[in-house]
Amino acid sequence: MALEQEGVQLSEAQIAVHWKEEEYYFPPAKFIAQANMADPSVFERFSEQNFPECFREYAELLTWDKYWHTTLDSSKPPFWRWFVGGKLNACYNCVDRHLQKYRNKAAFIWVPEPEEEDTKVITYQELYIRVNEFAALLQDVCGLKAGDRITLHMPMVPELPVAMLACARLGVIHSVVFGGFSGQACGERMVDSGSHILVTIDAYSRNGELLDHKLKADQAVEYVEKNGVKVDKVLVWRRYPGKYSSPTPMVDGRDVFVDELLKNYRGASVAPVSMPAEAPLFLMYTSGTTARPKGCQHSTGGYLSYVAGTSKYYQDIHPEDTYWCFADIGWITGHSYIVYGPLALAATSVMYEGVPLYPDPGRPWRIAERLNVNIFHTAPTTIRMLRKAGPDEPSKYNYHFKHMTTVGEPIEPEVWRWYYHVVGKGEAVIVDTWWQTENGGFLGSTLPALHPMKPGSCGPGVLGVYPVIYDELGNEIPKGSGRAGNICIRNPWPGIMQTVWGQPERFVQIYYAKYCRNPQSTDWRDWPYFAGDGAVQAADGYFRILGRVDDVINVAGHRLGTKELESAALTVEEVAEAAAVPVMDELRGRAVEMYIALKPGYSPSQEIEDKVRGAIETIIGKIARPKNVWIVPDMPKTRSGKIMRRVVAGISNFMSPGDITTLANPEIVETIRTQVQAAKLSRGELPRQLSPQELEEIGRYGQVG
Ligand code: WTA
């Protein structure tokens with residue numbers, strides 16, 4: 001078979017031979033001269049013998065109402081408690097304390113997607129007023145108090161961080177759901193967190209279209225109420241205050257316009273509630289191995305210290321900088337590095353409502369030029385899109401970055417080099433930051449003034465974080481061996497989530513059970529954190545992240561659980577079995593393909609394919625829309641009846657399906673291959689050479705069941 005590539009049979013050792021070491025790039029002298037951290041003695045301060053006290057350096061960036069007495073309490077692993085005894089308020093730290101020095105400095109600069117609409121500047125003074133007024137409203141109209149949960153389902157508008165900070169002011173736990181998720185996905189998260197209040201907006205602009213967002217609120221409430229939970233209020237912001245832009249009617253008694261209500265709270269002020277360091281600040285849901293998303297619970301003191309510290313040393317944020325993190329606040333990157341980290345440091349944080357290519361691929365660079373952005377932060381997917389659509393655009397605009405970040409997916413070295421030379425104009429350092437929703441902040445990165453960069457590698461563990469790669473049996477894979485394994489973190493750090501909301505046993509099982517040496521031990525050294533990513537470590541100690549080892553597909557930096565996709569497909573009446581697999585995608589990193597087997601008596605049709613797509617969009621959201629839906633006569637299965645995703649994943653990627661001798665029905669493989677690959681070729685989806693990293697990913701793809 002000429003189209004096939006040798007892939008899944010490659011052993012780890014063989015893959016190692018294919019790795020090409022990339023060259024180093026050194027930080028420019030101009031960057032080093034102004035960097036927040038250019039003193040190599042920091043490595044000594046954060047060395048293992050100074051753990052955990054080293055993290056005082058981060059906590060001391062904050063203003064505490066009461067100092068902590070115990071930096072790390074590890075008496076109940078893995079439920080680590082940081083800065084125990086300390087009290088603080090996150091909103092006070094991000095807003096109030098900056099008023100004296102920076103009252104009239106921009107906290108946020110919001111750029112609406114339509115280019116003819118004016119940019120909005122929100123100074124620290126105005127942010128303070130808006131946050132207080134909204135906090136008063138939450139207290140008064142919704143009766144919310146410390147410890148209650150609230151769900152915010154909003155796009156990239158300044159009202160989102162205003163609402164988050166108002167919650168933080170009251171000690172109310174916010175759960176922000178990414179605006180692109182469906183109403184039902186929002187509803188599921190509301191039920192899980194026990195939120196009775198939903199904050200939403202009527203509409204927002206995306207790719208030149210004003211999307212109806214209020215409809216999703218109605219769908220969310222419908223789902224929540226079907227599950228026996230009552231929704232007390234839906235607070236609806238308006239994209240254009242005073243003018244309702246959604247065709248979906250307001251529900252009397254339940255839905256209220258925030259801009260109207262706020263008139264009653266003009267000038268209101270609410271004292272920040274002094275919270276214990278370990279009080280939860282927010283929940284952020286993420287996908288994993290099972291269909292039910294898990295609510296990662298992040299703390300107030302540990303989390304805020306960690307994002308402030310990493311924003312200062314790794315993002316190199318100074319109050320004078322104009323910092324633009326082009327991500328969505330609905331993801332952890334936005335929480336940590338658009339809102340909490342930058343604001344804790346009194347930075348000016350830019351928020352952009354829209355998509356990268358609207359109205360043309362010069363848009364981000366016009367924003368950078370106009371606002372004098374000097375720190376830029378985004379994901380490989382955005383970089384790939386901009387590179388493809390406008391490879392020469394950056395040189396047409398007069399902006400200069402000192403620092404750039406890439407986050408969320410592995411970046412291909414060629415794409416990294418374009419980012420460096422063309423976007424950064426050869427003047428900016430790059431940090432490739434590896435971390436996860438669960439982690440609060442960075443785990444792996446170079447320290448920008450002190451380490452050289454290496455395209456495609458995130459670098460070593462960050463300050464105070466000591467990673468290790470284990471094989472399946474828990475043996476350490478030494479650096480420079482070229483062998484891949486599971487990257488783990490040997491120690492706790494202040495940004496680590498506290499638990500899975502409402503399911504502490506899952507927290508232990510997912511992240512710690514695999515490599516725990518002794519479940520009775522209260523020594524943190526016995527509790528390595530399992531990150532769920534494959535990685536290799538080069539001889540210089542730099543890590544190269546290969547992607548997820550659990551059943552998660554990273555689409556354009558968004559984590560989608562295969563189980564979630566499959567469960568959504570199974571809601572379609574005709575569907576008997578479903579398997580979700582990743583296909584390599586030039587722009588989005590990975591795309592989703594669904595394999596479907598029908599119940600007896602049904603035959604394949606376009607209609608069923610559309611129903612599967614529709615179900616995934618309704619239950620999860622448009623981001624999860626599969627690239628292809630293949631209705632096949634049967635699934636390749638093991639003798640115990642498990643669907644072998646690896647086999648169909650190989651077919652989707654024009655790879656050899658690997659060893660099929662253990663299948664109960666090996667003959668089906670050729671039938672599916674012919675069907676799928678012929679259809680792909682006719683759709684112009686041609687096979688391409690896969691990198692060793694990609695081959696490895698498909699090869700380890702799991703079983704359903
Ligand atoms: C992947 C996003 C390679 C990884 C902050 C991780 C990365 C998952 C990088 C978490 C990176 C994140 N290089 N891969 N720099 N950063 N990932 O929870 O597989 O949305 O486990 O958090 O993204 O995605 P999440």
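Every number for a ligand or one of its atoms is a count from 1 in the order of the listing.
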**Student:** May I ask you to decide whether Lys514 forms a salt bridge with Glu472, counting only side-chain N to carboxylate O separations under 4.0 Å?
**Tutor:**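 Answer for the salt bridge query: yes.
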**Student:** Ligand 1: which protein N/O atoms lie under 3.5 Å from its N/O atoms?
**Tutor:**
unit_1, atom_1, unit_2, atom_2, d
ligand 1, 13 (N), Glu409, O, 3.3
ligand 1, 14 (N), Pro410, N, 3.4
ligand 1, 15 (N), Asp432, OD1, 2.7
ligand 1, 15 (N), Thr433, O, 2.8
ligand 1, 16 (N), Gly408, N, 3.0
ligand 1, 17 (N), Gly408, O, 3.2
ligand 1, 18 (O), Thr437, N, 2.8
ligand 1, 18 (O), Thr437, OG1, 2.5
ligand 1, 18 (O), Arg559, NH1, 2.8
ligand 1, 19 (O), Asp533, OD1, 2.7
ligand 1, 19 (O), Asp533, OD2, 3.3
ligand 1, 21 (O), Gln436, NE2, 3.0
ligand 1, 21 (O), Asp533, OD1, 3.2
ligand 1, 21 (O), Asp533, OD2, 2.6
ligand 1, 21 (O), Arg548, NH1, 2.7
ligand 1, 22 (O), Thr437, N, 3.4
ligand 1, 23 (O), Gly408, O, 3.1
ligand 1, 23 (O), Asn554, ND2, 3.4

**Student:** Between Thr405 and Gln315, do the side chains contain a donor N or O and an acceptor N or O under 3.5 Å apart?
**Tutor:**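 Per modelled atom types, Gln315 and Thr405 side chains form a pair under 3.5 Å.
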**Student:** Could Glu476 and Arg490 be called an ion pair, given the rule that one side-chain N must be under 4.0 Å from one carboxylate O?
**Tutor:**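 Result for this pair is no, no salt bridge flagged.
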**Student:** Walk me through whether Asp471 and Arg483 qualify under salt bridge (Lys or Arg N to Asp or Glu O under 4.0 Å).
**Tutor:** CA-CA 9 Å; Asp471 68 14; Arg483 283 194 295 131; 5.1 Å; no
**Student:** Using distance alone, with no hydrogens and no angle criterion, decide if Thr310 and Tyr337 have a side-chain donor and acceptor under 3.5 Å apart.
**Tutor:**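 Yes, a side-chain donor-acceptor pair sits under 3.5 Å.
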**Student:** Ignoring hydrogens, what is the shortest heavy-atom contact between Ile332 and Met284? Give both atom names and the distance.
**Tutor:**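 Closest heavy-atom pair between Ile332 and Met284: N-SD, 3.3 Å.
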